**Q** 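Take a look at this one; I'll ask things after.
Fair warning: this is a prediction, and the values are worked out from it, not measured in the lab. In this chain, numbering begins with 1 at the start of the sequence shown.
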Amino acid sequence: MSRSGPSIPIPRTVPVLPLHDKVLLPGVVTRMQITRRDSIPLFEQILRTFDSRELSKCIIGAFPVRPPPSSPTSTAPLTTATAQSSADSNNKSDTKKPAVFPHGELIIPGPSPLLPNPRSSSGKDERALVSLRASSSVNPAHIHRTGCAARLVRLERAVGGFTVVLEGLVRLRLNKFTSQSPYFEADVTPLPDKTVDKSDQELQDQIVALRSTSKEFVSLLQSLKLPAPVLTQLQKFLDNVTAMPGQVVDLLMSTIESSLDEKVMILEAVDLKDRIPKAIELLTRQIHVLKISQKVHDNVEGKLNKKQREFYLRQQMAAIKEELGEKDAGEDDEMTQIESRLAAVNLPADVQKAADRELKRLKKMQPSSSEYSVIRNYLDWLADLPWAKSSEDILDVEKARKQLNDDHHGLEKVKRRILEYLAVTKLQQLKGDVRGPILCLVGPPGVGKTSLGRSIASAMGRKFHRISLGGVWDESEIRGHRRTYVGALPGLIIHGLKKCEVNNPVFLLDEIDKVGSRGHHGDPSAAFLEVLDPEQNSTFTDHYLNVPFDLSKILFIATANSLDTIPAPLLDRMETITIPGYTYAEKLAIATNHLLPKQIRLHGLGETDVQITQDALLKVATGYTRESGVRHLEREIGSLVRAKAVEYAEIQEKKEAGQSVLTDYQPLVSLNDVEEILGQERFVNEVTERVAVPGVVTGMAYNGVGGGILFIEVSQMPGKGNLQLTGSLGDVIKESAQIALSWVKSHGYEIGLTNSPGQNVMEKADVHIHMPSGGTPKDGPSAGIAMVCALVSMFSNRTVPSTTAMTGEFTLRGLVMPVGGIKEKVIAAHRAGVRKIIMPLRNRKDVTSDVPVNVLLREAFEGRLMVRSSTNTVIDSRM
């Protein structure tokens with residue numbers, strides 16, 4: 001087993017793997033994580049060149065890299081890897097099992113807590129997996145000229161790079177680099193250990209000293225009770241120290257802890273006469289460290305036994321003091337403080353009973369006990385919650401109405417409901433049994449649902465707390481964790497109450513429609529059934545507190561973009577208020593009264609420094625945004641304000657520098673300035689830009705977060721009477737197309753499409769119905785009447801005006817049934833430039849109650865019955 005030369009031939013030119021904070025010695029097997037950019041191409045090339053069964057033929061030169069001059073030399077301990085830790089029940093310290101790799105190489109996984117690093121003050125275990133971190137390329141001048149030839153044992157892809165296992169074979173001398181891209185390659189010379197000369201008395205003396213020091217090291221390991229297999233294999237290697245001293249030195253140096261410079265020193269010591277004395281010095285130092293470690297371990301174990309004795313003595317002393325009527329002053333002060341805090345919050349009777357029980361347990365425990373901190377935290381939570389502390393409501397209805405109107409434009413339904421709640425609270429103030437309503441504001445993004453909740457809290461004089469529910473998948477986030485778990489805490493509701501410090505705040509449950517569904521962590525939406533039920537939330541029980549808390553005084557306001565994802569039982573507990581999108585007139589008022597002053601203030605300008613005309617604001621709303629809310633509108637207004645801020649700042653700088661200013665600052669942003677600042681218009685009126693064509697009809701759609709228009713295009717071609725549907729259509733809308741075609745075919749003679757009752761209008765033709773924007777899924781029955789009109793328009797070669805839109809579910813009997821989302825559809829059609837809307841007569845109530853006054857409807861019908869006023873003018877002043 002003498003290492004007189006490598007058993008595997010070493011090529012003259014080998015690829016170079018730079019090692020950072022790591023040294024590979026011959027006979028050592030180690031695992032590495034390769035993530036550096038300068039090393040990944042090497043292993044990519046190996047995967048392309050070698051089959052998985054031929055990886056062992058791949059030889060790599062592993063050369064350590066000097067740290068940059070600006071950073072100190074790393075002294076982190078170096079460890080071999082491949083072993084799993086096992087606990088020794090006698091000395092309570094972790095040891096590691098040996099690993100035997102090909103060619104009979106034994107690797108003693110190093111260092112454990114029994115082998116601390118003499119140069120490290122942290123005392124922490126170092127991981128066996130060495131990470132070569134991704135950084136800049138290595139400077140060839142920083143690479144040591146002595147390295148180690150390594151055989152590739154295993155190569156696997158990993159996140160960000162590769163995981164490799166290398167086996168050191170023989171030392172290498174780097175002569176010169178032959179390539180540096182895409183990875184380093186170098187001309188090398190193997191430096192095998194020379195055969196031991198038995199006639200060399202100096203070398204023989206060194207080997208004797210090495211044998212003696214090694215045996216002392218192994219005997220010390222035996223006293224530390226390392227696993228027997230490790231000691232047995234290590235002893236076998238040491239028995240052959242006379243024949244292979246170099247291999248024994250390399251093995252021992254990979255086992256003990258040493259710095260990077262010390263490892264490099266051993267690697268560069270090619271001559272055994274240089275290597276053995278250095279190894280003996282390091283090994284002797286490690287022996288001293290192990291002796292000190294054993295002494296410290298024995299002292300700690302003795303102190304633990306002493307602490308156990310002291311604990312029992314303290315218990316006896318506490319019992320004696322209790323009999324004599326004496327108490328410890330420090331502990332008494334802490335317990336008195338907890339008791340006074342619990343008394344100050346006026347706990348309910350059942351909560352007080354639970355607090356007294358836990359306080360009694362706490363007094364019997366030592367502060368060093370792990371359960372002491374758990375009970376102490378629990379009592380702190382009980383003392384911090386507002387069990388009987390409430391804020392005084394502002395019950396001035398007129399003042400609340402004014403504040404709500406100042407903060408938000410429109411939204412009359414929500415404002416009316418809040419004023420009703422205030423009025424009822426004022427009338428029932430003496431009884432004190434008014435419960436807060438559970439409101440759910442439903443509408444598209446950007447219409448002001450969240451900001452409305454904050455405004456409601458301000459109008460009522462209550463504290464406001466927002467809970468974001470988007471992505472909440474764990475029921476424990478709502479109801480808390482049970483105290484049996486480590487690190488348990490109450491849920492979001494109790495956390496919010498602690499933060500508000502009152503028991504009647506306004507809680508905004510934001511994005512309640514995005515709460516996760518039932519999974520292995522429970523059902524979060526089901527946890528809200530108790531929270532949002534006025535009949536049950538007076539006794540809400542958090543899992544952590546395990547005592548009831550009254551939530552009935554809290555005003556819960558939930559927000560959602562759609563009701564489709566909210567479970568029916570949860571939706572039944574909330575009072576739903578729909579907030580539709582804004583019309584252009586409403587957006588203009590919001591931009592003038594709220595958005596523009598806000599952006600001027602945020603950009604450090606005064607009220608008179610930026611003025612935008614009404615025409616300019618309207619152009620921004622119509623030509624640069626297409627949304628139900630006003631978020632994008634606010635961003636575009638911010639762009640206008642920033643442009644004026646740059647102009648204002650430049651003029652001020654010129655004035656301060658004494659330069660002449662050709663033109664004074666103009667704060668006004670006119671209609672012509674909008675396109676110059678924001679660029680060309682992004683949106684145009686979709687329907688007004690279209691030319692009326694037979695077979696094309698404008699329909700209306702509602703997608704849960706706002707309305708929109710859609711175009712239905714019908715075309716015929718020679719065929720056998722087949723129907724083709726395209727445009728990412730759902731099953732319901734496909735059925736509507738089938739119904740529309742069947743009705744047109746069965747009534748072709750009545751509406752003038754055929755010459756005789758038995759004639760088939762599609763006898764020698766195929767029909768293709770398409771809805772543009774194929775990337776957007778479409779479904780629902782409301783496009784039925786639009787499909788009928790599109791088919792009749794195509795077959796009769798008559799056009800439907802492009803500014804006329806229609807909606808309604810069509811039946812096989814020819815009836816047009818009412819549909820939902822009328823307000824959103826009408827507003828979206830108005831926004832797109834539609835001038836006439838046709839809809840079922842039974843949707844007239846939706847128009848009367850929901851559609852804003854400035855949105856015009858001219859005709860409505862059900863089936864074939866046209867509804868008009870006697871003077872052929874506008875119906876009900878809104879239509």
**Q** Establish, from distance only, whether the side-chain atoms of D550 and T539 form a donor-acceptor pair under 3.5 Å.
**A**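 Judged by distance alone, the side chains do not pair up.
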**Q** Of L441, I512, L509, which is the lone residue that meets side-chain contact (heavy atoms from CB on, under 4.5 Å) with I557?
**A** L441
**Q** Give the minimum heavy-atom separation between D407 and H594, together with the two atoms involved.
**A**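 Closest approach of D407 to H594: O-CE1, 3.3 Å.
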**Q** Could you check whether N346 and K389, counting side-chain N and O atoms only, form a donor-acceptor pair closer than 3.5 Å?
**A** no
**Q** Quick one: ring pair (Phe, Tyr, Trp, His ring centres under 6.0 Å) partners of F507, sequence neighbours excluded?
**A** H465, F556
**Q** Determine whether a donor-acceptor pair (N or O, by modelled atom type, separation under 3.5 Å) exists between the side chain of D474 and the backbone of E477.
**A** no
**Q** Would you call E339-K363 a salt bridge at under 4.0 Å N-O?
**A** yes
**Q** Nearest 0.5 Å, what's the NZ-OG1 distance between K587 and T592?
**A** 13.5 Å
**Q** Can you confirm whether K514 is buried at NZ, in the sense that more than 12 heavy atoms of other residues, nucleotides or ligands lie under 6.0 Å from that atom?
**A**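 Check passes, neighbour count above 12.
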**Q** Hey, which of N546, T541, V547, D542 is the one that makes side-chain contact (heavy atoms from CB on, under 4.5 Å) with Y544?
**A** D542
**Q** Which heavy atom of P524 sits nearest a heavy atom of V472, and at what distance?
**A** CG-O, 3.6 Å
**Q** Check whether T625 reaches the backbone of E627 with its side chain - one donor and one acceptor, N or O, closer than 3.5 Å.
**A**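 No; zero donor-acceptor contacts below 3.5 Å.
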**Q** Nearest heavy-atom pair of P534 and I438: which atoms, and what distance?
**A** CG-CG1, 4.0 Å
**Q** Using the side-chain contact (heavy atoms from CB on, under 4.5 Å) rule, pick out the option among D523, I467, L469, I494 that qualifies with I478.
**A**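 Only match with I478 under side-chain contact (heavy atoms from CB on, under 4.5 Å): L469.
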**Q** If you compare all heavy atoms of F528 against all heavy atoms of V515, which two are closest, and at what distance to 0.1 Å?
**A**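 That would be CE1-CG2, 4.4 Å.
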**Q** Could you check if a side-chain atom of L379 sits within less than 4.5 angstrom of a side-chain atom of L362, using non-hydrogen atoms only?
**A** yes
**Q** Side chains of R642 and L640: closer than 4.5 Å at any heavy-atom pair?
**A**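 No, too far: nothing below the 4.5 Å cut-off.
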**Q** Does any part of the side chain of C440, heavy atoms only, come nearer than 4.5 Å to the side chain of E575, both counted from C-beta?
**A** no
**Q** Determine, for R479 against E530, whether the closest basic-nitrogen to carboxylate-oxygen distance falls under 4.0 angstrom.
**A**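 Looking at E530 together with R479, the answer is yes, because their closest N to O distance falls below 4.0 Å.
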**Q** Where the side chain of N593 meets the backbone of A589, is there a donor-acceptor pair that is under 3.5 Å apart?
**A** yes
**Q** State whether the number of non-hydrogen atoms from other residues, nucleotides or ligands found under 6.0 Å of E420 atom CD is greater than 12.
**A** yes
**Q** Kindly say whether G443 contributes a backbone atom to a donor-acceptor pair with the side chain of K449 at under 3.5 angstrom?
**A**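 At least one qualifying donor-acceptor pair exists.
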**Q** Quick check: do S562 and V442 have side-chain heavy atoms less than 4.5 Å from each other?
**A**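 Sidechains of V442 and S562: no contact.
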**Q** Between CD1 of I590 and CG of L617, what distance do you get to the nearest 0.5 Å?
**A** 12.0 Å
**Q** I'd like to know if the side chain of R361 reaches the main chain of R357, judged simply by a donor and an acceptor atom lying under 3.5 Å from each other, with no hydrogens or angles considered.
**A** no
**Q** What's the separation between atom CD1 in I418 and atom CG in L452, rounded to the nearest 0.5 Å?
**A**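 Rounded to the nearest 0.5 Å, the CD1-CG separation comes out at 7.5 Å.
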**Q** Below 4.5 Å, heavy atoms only, C-beta onward: do L551 and S538 meet side chain to side chain?
**A** no
**Q** Would you find a donor on one side and an acceptor on the other, under 3.5 Å apart, between the side chain of W387 and the backbone of L382?
**A** yes
**Q** Check step by step if side-chain contact (heavy atoms from CB on, under 4.5 Å) holds for N504 and S391.
**A** CA-CA 7 Å; N504 63 339; S391 60; 3.1 Å; yes
**Q** Are any of the side-chain heavy atoms of L596 and I612 separated by less than 4.5 Å?
**A**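 In short, these two side chains touch, coming nearer than 4.5 Å.
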**Q** Between Q599 and I637, what is the shortest heavy-atom contact and its length?
**A**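 Closest pair (atom of Q599, atom of I637, distance): CG-CG2, 4.2 Å.
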**Q** Quick one, K463 with V506, criterion side-chain contact (heavy atoms from CB on, under 4.5 Å). Give me CA distance, side-chain angles, the key distance, then yes/no.
**A** CA-CA 6 Å; K463 291 192 176 182; V506 175; over 6 Å; no
**Q** For the residue pair S373 / R376, report whether a side-chain donor-acceptor contact shorter than 3.5 Å exists.
**A**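 No.
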**Q** Is the side chain of Y378 donor-acceptor paired with the backbone N or O of L545 at a distance under 3.5 Å, no angle test?
**A** yes
**Q** Which value, rounded to the nearest 0.5 Å, describes the distance between E636 atom CD and L633 atom CG?
**A** 8.0 Å
**Q** Hey, are H543 and S476 close enough side-chain-wise for a donor-acceptor pair under 3.5 Å?
**A** no
**Q** Going through the distances and angles, do Q403 and S455 end up as a side-chain hydrogen bond (donor to acceptor under 3.5 Å, both in side chains)?
**A** CA-CA 8 Å; Q403 171 136 10; S455 178; 5.3 Å; no
**Q** Can you find a heavy atom in the side chain of P490 that is under 4.5 Å from one in the side chain of H495?
**A**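 In contact.
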**Q** With no hydrogens and no angle check, is any side-chain donor or acceptor of N561 less than 3.5 Å from a backbone partner on E511?
**A** no
**Q** Within the side chain of R483, is there an N or O that forms a donor-acceptor pair under 3.5 Å with the backbone of V374?
**A**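 Checked: no pair found.
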**Q** Is the shortest distance from a Lys or Arg side-chain nitrogen in R631 or E634 to a carboxylate oxygen in the other one below 4.0 Å?
**A** no
**Q** Once rounded to the nearest 0.5 Å, what's the spacing between atom CD1 of I554 and atom CD1 of I493?
**A** 7.0 Å
**Q** So which atom in K415 and which in N405 form the shortest heavy-atom distance, rounded to 0.1 Å?
**A** NZ-OD1, 3.0 Å
**Q** For N537 and D533, run side-chain contact (heavy atoms from CB on, under 4.5 Å): C-alpha distance rounded to whole Å, both residues' side-chain angles, the deciding distance at 0.1 Å, then the answer.
**A** CA-CA 6 Å; N537 61 8; D533 192 339; 5.7 Å; no
**Q** Check this for me, if you would: do R462 and E392 make a salt bridge, where the nitrogen-to-carboxylate-oxygen distance has to be below 4.0 angstrom?
**A**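 Salt bridge: no.
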**Q** Between D384 and R341 (salt bridge meaning N to carboxylate O under 4.0 Å), is one present in this structure?
**A** yes
**Q** Quick one: pull up CD1 in I456 and CG in L508 and give me the separation to the nearest 0.5 Å.
**A** 9.0 Å
**Q** How far apart are the C-alpha atoms of I375 and N377, what are their side-chain angles, what is the distance that settles it, and do they pass the side-chain contact (heavy atoms from CB on, under 4.5 Å) test?
**A** CA-CA 5 Å; I375 299 178; N377 290 338; over 6 Å; no
**Q** Salt bridge between D356 and K360, side-chain N to carboxylate O under 4.0 Å?
**A**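 Not counted as a salt bridge, because no side-chain N and carboxylate O are separated by less than 4.0 Å.
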**Q** Using distance alone, with no hydrogens and no angle criterion, decide if T559 and D510 have a side-chain donor and acceptor under 3.5 Å apart.
**A**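 Yes, a side-chain donor-acceptor pair sits under 3.5 Å.
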**Q** Strictly distance-based, threshold 3.5 Å: is any side-chain N or O of Q536 a donor or acceptor partner for the main-chain N or O of V531?
**A** no
